[in-house]
Chemist: 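Sharing a structure here in structure tokens format.
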Amino acid sequence: MKEELDKRYDPKAFEQRIYAMWEEKGYFAPDDDRDRPKFSIVIPPPNVTGRLHIGHALVNTLQDIIVRWKRMSGFNTLWLPGTDHAGIATQMIVDRELTKQGISRFDLGREKFVEKVWEYKEKFGSEIIEQLKRLGASADWSRLRFTLDEGLSRAVRYVFVKLYEDGLIYRGIAMVNWCPNCQTAISDVEVEYRERDAKLYHIDYPIEGTDRKLTVATTRPETMLGDTGVAVHPDDDRYKSLIGKFVMLPIANRRIPIVGDAILVDPEFGTGVVKVTPAHDKNDYEAGKRDNLPQLQVIDETGHMTNEAGPEFAGLDRFDARKKVLEKLEAGGFLNSAKPYHHSVGVHGKCDTDIEPMISRQWFVKIEPLAQPSIDIVKNGTIQIIPESWQATYFNWMENIHDWTISRQLWWGHRIPAFYCANDHVTVAMETPAKCPQCGSAEIRQETDVLDTWFSSALWPFSTMGWPDETPDFQMFYPTDVLITGFDILFFWVARMIMMGLRFTGKAPFSQVFLNGLVRDEPGDKMSKTKGNVIDPLDVIDEVGADALRFTLAIFASGRDIPLGKSRIQGYSAFVNKIWNAARFAMMHIDTDLKDAAQIDRDKLRVIERWILSRLNDATKNVNKSLSAFRFDEASNTIYQFFWHEFCDWYIEMAKPVLLGRHGDASDQKQAKRILLEVLDRSLRLLHPFMPFVTEEIWQKLGGHEPSIMIAPYPIAEEILEDSEAERLIAAIKSMITTVRNVRAERGFTPKDRFKLYIRGNDTREANFFRTYAYLLIDLARLTEVIVDGEAPAGSHQDVIEGFHVAIEFPERVVTKEQIERTQREIEKTRTEIASNESRLANESFVQNAPPAIVAGARARLAELRERLEKLQQNQ
RNA sequence: AGGCCCUUAGCUCAGCUGGUUAGAGCGCCACCUUGACACGGUGGAGGUCAGCGGUUCGAGUCCGCUAGGGCCUACCA
């Protein structure tokens, strides 16, 4: 049952229709067959309110390629999709929406606000899912999960309680990274460092009772208002006599002690004197505890100065306070100097606000006991990180890991399952206790903090499968096989999934991690809205279709960053178009459908047919091999080269004389049609994971065996199809054709001019081959005649091609400048190569040490080159 | 400061365990509307493989060093 393909390739005409068909038929879901090997993978859940960007397009294309490949290869395949509630990000978005309406979330209160976020989620949460579908993602949507689903939330509470009971979660007061804009604590990995040009200020602190002063240096003069000491190195001869004395803190006019601190102070650095602000600097916080210096909080949660900063400063923004402090220091003669200084500043990655180190009470995960097994599991190869170079980064981070701050002062997220009674006793439990187990108080209130989004993400590979229950899905599909994600969330997500997976399931949550690079623009810059170099995948899909986008992403995905430009996508959309047209050509000439194509009599194959099947087989082998190694670039490039430059450029052209009835008999023609169909069929299946839509559309119209190409078997290499003889002979034919075309152009002939070609075979079998396929040379090289083993007339163009002597006889002797120059260059090249081979072979240690095959190869090459040189010289 | 990576044709990149003549895409030049495709076809130009040194019969490929670029980690005022 064969239909026509439209003359024009128009992805809009079928992509959505095909996707709907797949979905309706239920092809994305695995079945219950436990005897088939399974393959499972979980999606890196995009933010529920997010919009598909090019990074999503990449990571999901790569996953879909692997998933479709495995599914077609016979695995019972699950790709489990879902979305993340994305704590801060989502709260910020909804907050901004409310602000537009003139509402503050504080007006609404926590409960109402969270309701609003849910409304927002219901409204926009499916948008990104729809966008993933447009990309062609074959995830099992019937299993769609959300991190705040009841099931996943239960897993979160379960893990929290268990870790608390095991002593791995604790509540305590510590200095944390605080975002004054979001007004929450964040973890170390959420802090990004930005290089910045600033000033380093030297400030003089007068020493009490003398006219001497100590000079301290700082980039943040406003924090001096919170100084509660000045530290010097206890062994520093310049200052050690001052330890125990006091300085007068300028502006604040407070008396603060001079202390000795060998850890905080490097006597070689700067002035060797350090101001100590225990409430607003991590090092000073530690020093304060060591040296018994009080903590004086001068900056509050919103980044404004507190009353402790003094009446002139209270209420001022921290950056305004900085200016004012500097003015006052200058006026008082305390500002010694201000020098340009380049340093890096920690900012909150989500909102770009400068981090304020802040002492507060938070919840933490004691991480070392979780980290050690996670190091081992990668070291012993149970989990393989690809590309391997990321392993070093992984180990480095794991080995220097700090406790994880998991509480967030937000409203949107998993509320920490800790409960306080009227007497402030803490109960950590899955469900709200009726009364305090310690004092019986029935006045119970839940912790207001929520958990870091990544806490729930860390459980994703198993919480999505119903864990902690032993569900059928969990039993069948956990652990997963591969995790494909961006390297930017190696610490945020991958590392934590490994830690939690090992701790709670006793198994590595996946056995391979493929980390893809970042999509950049062509000059290699990050894509950003401000730079205006963003490529919107949805625009691309509208313009050239999902297949072209997917293929372009795949062909650049080697694991490194991907330089992507519109022109590149355009380039590969030409390939999709080529496939379309090749299929169109095939369908014009094929009168059998795929069901008959299986009966090919291998013994009757002609050499060109053996050749294309051998080439296809080679491509098949390489594609499978490359996909196993996540070399998407190699895999897609292999198909590209094969399909375009072997199948289309050569095979179809070579098959035309027979297909169109110009050569051979009816049975040759029939066989040619079958082979054409066979090669097209296999190529489409090979291509399907990369270009699901166009391959399905063509396949359907060809009338394939299966109801859909996506469940047809993926081609695997068969040794029987390897054919080195056919490869060698067809390579010779191709090379001869190219040479004739080339010489024709150089001698100034037009494509219409036809010549005679003389070929000498090395034996009867080869001579017969060239006689049989003379029509190909005549057709493709535009010849009048091919004479095998005849004597070439003097003056004809002589050459040695793939070991065969050939001569081209021209109707007249034409010698052009181009041709003379070209011949001269060829002769030079040949001579150089002869010399190089001669010297190698003259070298005894080469002949002795090199593998015999290499030596033999050099000898054969040398002989051929000498022959060729001789022939070429006759062309001058 | 430590770690990882990169430097190959005008641009963006491949080159697997070292082995003949270093490849691709895009771009460029010339010619061609040949019954699938001008999102096409044919032919062509273009590279001291960053530099230096070493190992080897042989190095783009392995090992050092140098220069330039990128990324990650890090509490130096």
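To find a chain, count down the sequence lines: A is the first, B the second, and so on, and within it residues start at 1. Remember, it's a predicted structure, so these values are computed and weren't measured experimentally.
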Chemist: Phosphate oxygens OP1/OP2 of U73(B): is one of them under 4.0 Å from a side-chain N or O of Trp390(A)?
Modeler: no
Chemist: Any side-chain N or O of Arg741(A) less than 4.0 Å from the OP1 or OP2 oxygen of G43(B)?
Modeler: yes
Chemist: Using a distance-only test with no angle check, is there a side-chain donor-acceptor pair under 3.5 angstrom linking Thr277(A) and Lys275(A)?
Modeler: yes
Chemist: Ala850(A) near the nucleic acid: base, sugar-phosphate alone, or nothing, with a heavy-atom cut-off under 4.0 Å?
Modeler: base
Chemist: For Tyr9(A), answer base if it contacts any base atom (sugar-phosphate contacts may also be present), sugar-phosphate if it contacts only those atoms, and nothing otherwise; contact means non-hydrogen atoms under 4.0 Å.
Modeler: nothing
Chemist: Just to be sure I understand the rule, does Tyr285(A) reach a base, reach only the sugar-phosphate, or reach nothing, if contact means heavy atoms closer than 4.0 Å?
Modeler: nothing
Chemist: Is Leu490(A) touching bases, backbone alone, or none of the nucleic acid, heavy atoms closer than 4.0 Å?
Modeler: nothing
Chemist: With a 4.0 Å cutoff (strictly under), does any side-chain N or O of Thr738(A) reach OP1 or OP2 of G43(B)?
Modeler: yes
Chemist: Using the C1' atom on both, measure G47(B) against G60(B) and round to a whole Å.
Modeler: 11 Å
Chemist: Given the C1' atoms of A24(B) and A14(B), what is the spacing between them in whole Å?
Modeler: 7 Å
Chemist: Would you call the rings of Trp397(A) and Phe491(A) parallel, tilted or perpendicular, where under 30° means parallel and over 60° means perpendicular?
Modeler: parallel
Chemist: Within the structure shown, what part of the strands sits under 4.0 Å from Arg662(A) by heavy-atom distance: base, sugar-phosphate, or nothing?
Modeler: base
Chemist: For Phe575(A), which contact category applies under a 4.0 Å heavy-atom criterion: base, sugar-phosphate, or nothing?
Modeler: nothing
Chemist: Please classify the nucleic acid contact of Pro357(A) as base, sugar-phosphate, or nothing, using heavy-atom distances under 4.0 Å.
Modeler: nothing
Chemist: For the side chain of Phe846(A), starting at C-beta, report the closest nucleotide among G19(B), G3(B), C71(B).
Modeler: G19(B)
Chemist: Given U34(B), is OP1 or OP2 found less than 4.0 Å from the side-chain N or O atoms of Lys752(A)?
Modeler: no
Chemist: Check every strand shown and say whether Glu653(A) touches a base, only sugar-phosphate, or nothing at a heavy-atom separation below 4.0 Å.
Modeler: base
Chemist: Considering only side-chain heavy atoms of Trp397(A), which listed nucleotide, U73(B), G15(B), C71(B), is closest?
Modeler: U73(B)
Chemist: Round to the nearest Å and state the distance from Phe487(A) atom CZ to U73(B) atom C1'.
Modeler: 13 Å
Chemist: Pick the P atom in G46(B) and in A22(B), then give their distance to the nearest Å.
Modeler: 13 Å
Chemist: Is the closest side-chain heavy-atom distance between Thr552(A) and Ile562(A) below 4.5 Å?
Modeler: no
Chemist: Between C5(B), A77(B), G40(B), spot the one nearest the side chain of Tyr341(A), thanks.
Modeler: A77(B)
Chemist: Taking the side chain of Ala582(A) as heavy atoms from C-beta outward, which of C71(B), G25(B), A36(B) is closest to it?
Modeler: A36(B)
Chemist: What is the distance, rounded to the nearest whole Å, between atom CZ of Arg520(A) and atom P of G69(B)?
Modeler: 16 Å
Chemist: Given G43(B), A14(B), G25(B), identify the nucleotide with an atom nearest to the side chain of Arg560(A).
Modeler: A14(B)
Chemist: As a test of reading the structure: which of G19(B), C71(B), C37(B) is closest to the side chain of Arg840(A), going by heavy atoms?
Modeler: G19(B)
Chemist: Within the 4.0 Å heavy-atom criterion, would you say Ile652(A) contacts the bases, only the backbone, or no part of the nucleic acid?
Modeler: base
Chemist: Side chain of Val265(A) only, please: which of A77(B), A36(B), C26(B) is the nearest?
Modeler: A77(B)
Chemist: Base, sugar-phosphate, or nothing: which does Arg868(A) touch, judged by heavy atoms less than 4.0 Å apart?
Modeler: nothing
Chemist: Is it the case that Lys379(A) places NZ or CZ above or below the six-membered ring of Phe395(A), under 6.0 angstrom from the centre and within 45 degrees of the axis?
Modeler: yes
Chemist: Out of G19(B), U73(B), U12(B), which nucleotide sits closest to the side chain of Pro563(A)?
Modeler: U12(B)
Chemist: Taking the six-membered ring of Phe585(A) as reference, does the NZ or CZ atom of Lys656(A) fall below 6.0 Å from its centre and within a 45° cone about the axis?
Modeler: yes
Chemist: Just checking Arg631(A): base, sugar-phosphate only, or nothing, at a heavy-atom cut-off of under 4.0 Å?
Modeler: sugar-phosphate
Chemist: For A74(B) versus G3(B), give the span between their P atoms, rounded off to a whole number of Å.
Modeler: 16 Å
Chemist: For Leu515(A) and C72(B), what is the distance between atoms CG and P respectively, to the nearest whole Å?
Modeler: 14 Å
Chemist: Give the nucleotide from the list C37(B), U20(B), U42(B) with an atom nearest to the side chain of Asn581(A).
Modeler: C37(B)
Chemist: What nucleic acid atoms does Asn849(A) come within less than 4.0 Å of, heavy atoms only: base, sugar-phosphate, or nothing?
Modeler: base
Chemist: Provide, to the nearest angstrom, the distance between the CG atom belonging to Leu780(A) and the P atom belonging to G43(B).
Modeler: 11 Å
Chemist: Quick one: is Lys7(A) getting a side-chain N or O under 4.0 Å of the C37(B) phosphate, OP1 or OP2?
Modeler: yes
Chemist: Hey, does Lys275(A) reach any base, or is it just sugar-phosphate, or nothing, if we go heavy atoms under 4.0 Å?
Modeler: nothing
Chemist: U21(B), OP1 or OP2 - any side-chain N/O from Ser836(A) closer than 4.0 Å?
Modeler: yes
Chemist: What are the two closest heavy atoms between Arg220(A) and Pro357(A), and how far apart are they?
Modeler: NH1-CD, 4.1 Å
Chemist: So what does Thr393(A) touch, heavy atoms closer than 4.0 Å: a base, only the sugar-phosphate, or nothing?
Modeler: sugar-phosphate
Chemist: Whether Asn742(A) contacts G44(B) is assessed here as follows: a side-chain N or O lying under 4.0 Å from the phosphate OP1 or OP2. Is that the case?
Modeler: yes
Chemist: Measuring only the C1' atom in each nucleotide, how far is U56(B) from G19(B)? A whole number of Å is fine.
Modeler: 12 Å
Chemist: Between U20(B), C71(B), G25(B), which one does the side chain of Glu833(A) approach most closely?
Modeler: U20(B)
Chemist: Can you tell me how the ring of Phe556(A) sits relative to the ring of Tyr572(A), calling it parallel under 30°, perpendicular over 60° and tilted otherwise?
Modeler: perpendicular
Chemist: Taking the six-membered ring for Trp, are Phe755(A) and Phe749(A) ring centroids under 6.0 Å apart?
Modeler: yes
